[in-house]
Trainee: 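There's a structure below that I have some questions on.
Numbering of residues begins at 1 and proceeds along the displayed sequence.
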Amino acid sequence: MHILVVNDDGISSEGIACLARIAKDFGDVTVVAPASQCSGMSQHMTVHGKLELCRIKDYPVSGVKAYSITGTPADCVRAGVDFVLDKRPDYIFSGINDGFNIGKEILYSGTVGAAQEGLANGIPAAAFSIKGFEYLSAAGEYLPGIIKDILSKETEPWEFWNVNIPGALPSEIKGIVNDFSPSAKPYYKAGYFSLPSEDADKEIVEIRYQYCDEPEEGSDIYYILNKYITSGKIGNNVLRMALERN
């Protein structure tokens, strides 16, 4: 098995190195990641212009070929599949993202966008996210079993896996939940606030976030806040309709 590992936090992220290290136990791994931070880009891709691809020497995960690219997470998948690799990968792993991709944030996530780009190229995919990299020990403890479970199960060609790990040490995690629904609420709710400006024709707008603390029972946010890992399939209905039509 060959696994293409991508992310949206960039090539130097601790999260992608952790995921590549874990993925090595399941097959050959190639990393293709953005040269810089690309959070919130969803499935945005570069349509015109040039991309710079750079081979990363002395990547911190031994035995893994790694590249950075001056593009988006979706570009990493497209370039990885069509240019970097000699043959198509068997699976796309995206992450580990620094921050949750739950609730409405799933729509905006570059991590999830890369997984969906895998589906668009006919390759099964999984997205992985965590509260913060200070909890990567929980990823090291639980992700090998989760990935083994994911790889053993069939998915429809319009489905990808979305895995989120709460802000908890391994001993604090209560379990893994597969049966849940994405919350209809955003976990990160943005507020916009006006700041003073010396230019009367300009206004400075600051974005501040509040976190959801009253999620629907049974939702992904509910389980995450109660220290459960969520691991479930999400479907892309546009892709589903297109594939069923053909």
Trainee: Would you give the length of the straight line joining atom OG1 of Thr30 to atom CG of Leu4, rounded to the nearest 0.5 angstrom?
Mentor: 6.5 Å

Trainee: Do Val81 and Pro89 have side chains that get closer than 4.5 Å, going by heavy atoms?
Mentor: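 Result yes, sub-4.5 Å side-chain heavy-atom pair found.
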
Trainee: With a 4.5 Å heavy-atom cut-off, do Pro144 and Asp25 have their side chains touching?
Mentor: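 Not in contact.
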
Trainee: Do Phe160 and Val112 have side chains that get closer than 4.5 Å, going by heavy atoms?
Mentor: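 A side-chain contact under 4.5 Å exists here.
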
Trainee: Side chain of Ser94, backbone of Ala115: donor and acceptor closer than 3.5 Å?
Mentor: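 Answer holds: no.
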
Trainee: Does atom NZ of Lys24 have more than 12 heavy-atom neighbours, drawn from other residues, nucleotides or ligands, at distances under 6.0 Å?
Mentor: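 More than 12 within 6.0 Å, yes.
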
Trainee: More than 12 foreign heavy atoms under 6.0 Å from OH of Tyr192: is that the case here?
Mentor: no

Trainee: Do any N or O atoms from the side chain of Asn178 and from the backbone of Ser231 form a donor-acceptor pair under 3.5 angstrom?
Mentor: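 Looks like yes, one N/O pair under 3.5 Å.
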
Trainee: Counting only heavy atoms not in Gln210, do more than 12 sit closer than 6.0 Å to its CD atom?
Mentor: no

Trainee: At what distance, to the nearest 0.5 angstrom, does OG of Ser219 lie from CD1 of Ile102?
Mentor: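 So the gap between those two atoms works out to 8.0 Å.
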
Trainee: What do the steps show when you test Phe133 against Cys18 for side chain to side chain contact (heavy atoms under 4.5 Å, CB included), and what is the final call?
Mentor: CA-CA 10 Å; Phe133 291 157; Cys18 179; over 6 Å; no

Trainee: Can you tell me if Asp90 uses its side chain to pair, donor with acceptor, with the backbone of His2 under 3.5 Å?
Mentor: yes

Trainee: Hey, does Thr111 have a side-chain heavy atom less than 4.5 Å from the side chain of Pro73?
Mentor: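 The answer is no; the side chains never approach within 4.5 Å.
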
Trainee: Determine whether a donor-acceptor pair (N or O, by modelled atom type, separation under 3.5 Å) exists between the side chain of Asp149 and the backbone of Ile146.
Mentor: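 No, Asp149 side chain to Ile146 backbone: no donor-acceptor pair under 3.5 Å.
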
Trainee: Supply the atom-to-atom distance Asp179 CG to Tyr223 OH, rounded to the nearest 0.5 angstrom.
Mentor: 7.0 Å

Trainee: Please report the interatomic distance CD1(Ile221) to NZ(Lys104), rounded to the nearest 0.5 Å.
Mentor: 10.0 Å

Trainee: If I take atom CZ from residue Phe128 and atom CD1 from residue Ile147, how far apart are they, to the nearest 0.5 angstrom?
Mentor: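 Here the rounded value is 4.5 Å.
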
Trainee: Between Glu159, Gln43, Gln116, Glu156, which is the residue that forms a side-chain hydrogen bond (donor to acceptor under 3.5 Å, both in side chains) with Asn236?
Mentor: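 The side-chain hydrogen bond (donor to acceptor under 3.5 Å, both in side chains) with Asn236 is passed solely by Gln116 among Glu159, Gln43, Gln116, Glu156.
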
Trainee: Any side-chain to backbone donor/acceptor pair from Asn162 onto Asn101? Under 3.5 Å, distance only.
Mentor: yes

Trainee: Taking atom CD of Glu206 as the centre, does the number of heavy atoms from other residues, nucleotides or ligands within less than 6.0 Å exceed 12?
Mentor: yes

Trainee: Counting N and O atoms only, with roles assigned by atom type, does the side chain of Asp220 sit under 3.5 Å from a partner on the main chain of Gly103, one being a donor and the other an acceptor?
Mentor: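 Answer holds: yes.
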
Trainee: Kindly indicate whether the side chain of Ile173, heavy atoms from C-beta on, has any atom under 4.5 Å from the side chain of Glu141.
Mentor: no

Trainee: Under the criterion side chain to side chain contact (heavy atoms under 4.5 Å, CB included), I'd like the reasoning laid out for Tyr59 against Ile11: C-alpha separation, chi angles, the key distance, then a yes or no.
Mentor: CA-CA 10 Å; Tyr59 191 67; Ile11 188 65; 4.2 Å; yes

Trainee: Does either side chain, that of Glu203 or that of Ser197, offer a donor lying less than 3.5 Å from an acceptor on the other one?
Mentor: no

Trainee: Short question: side chain of Asn164, backbone of Phe100 - any donor-acceptor pair under 3.5 Å?
Mentor: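 Between the backbone of Phe100 and the side chain of Asn164 there is no qualifying donor-acceptor contact (under 3.5 Å).
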
Trainee: Walk me through whether Thr46 and Thr70 qualify under side chain to side chain contact (heavy atoms under 4.5 Å, CB included).
Mentor: CA-CA 10 Å; Thr46 303; Thr70 54; over 6 Å; no

Trainee: Kindly say whether Arg240 contributes a backbone atom to a donor-acceptor pair with the side chain of Asn237 at under 3.5 angstrom?
Mentor: no

Trainee: Checking the side chain of Thr72 only, and the main-chain atoms of His44 only, is there a donor and an acceptor separated by less than 3.5 Å?
Mentor: yes

Trainee: Kindly check if the number of other-residue, nucleotide or ligand heavy atoms within 6.0 Å of CZ (Phe26) is above 12?
Mentor: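 More than 12 heavy atoms, drawn from other residues, nucleotides or ligands, come within 6.0 Å of this atom.
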
Trainee: Assess the residue pair Arg78 and Glu117 against the criterion (salt bridge (Lys or Arg N to Asp or Glu O under 4.0 Å)); give the C-alpha distance rounded to whole Å, side-chain angles, the decisive distance to 0.1 Å, and a yes or no.
Mentor: CA-CA 7 Å; Arg78 294 165 67 88; Glu117 186 61 37; 3.3 Å; yes

Trainee: For Glu214, look at atom CD and say whether over 12 heavy atoms of other residues, nucleotides or ligands are found less than 6.0 Å away.
Mentor: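 No, the 6.0 Å shell around CD holds no more than 12 heavy atoms from other groups.
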
Trainee: Between Tyr211 and Tyr187, what is the ring plane arrangement, given parallel below 30°, perpendicular above 60°, and tilted in between?
Mentor: tilted

Trainee: So, do Val163 and Ile150 sit near enough that their side-chain heavy atoms are less than 4.5 Å apart?
Mentor: yes

Trainee: Is the shortest side-chain heavy-atom distance between Ile229 and Pro166 below 4.5 Å?
Mentor: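 Side-chain contact under 4.5 Å: yes.
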
Trainee: Would you check if Ile96 and Leu143 make a side-chain contact, meaning some heavy-atom pair closer than 4.5 Å?
Mentor: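 They are in side-chain contact.
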
Trainee: Check for a donor-acceptor pair, side chain of Asp9 on one end and backbone N or O of Asp98 on the other, with a separation under 3.5 Å.
Mentor: yes

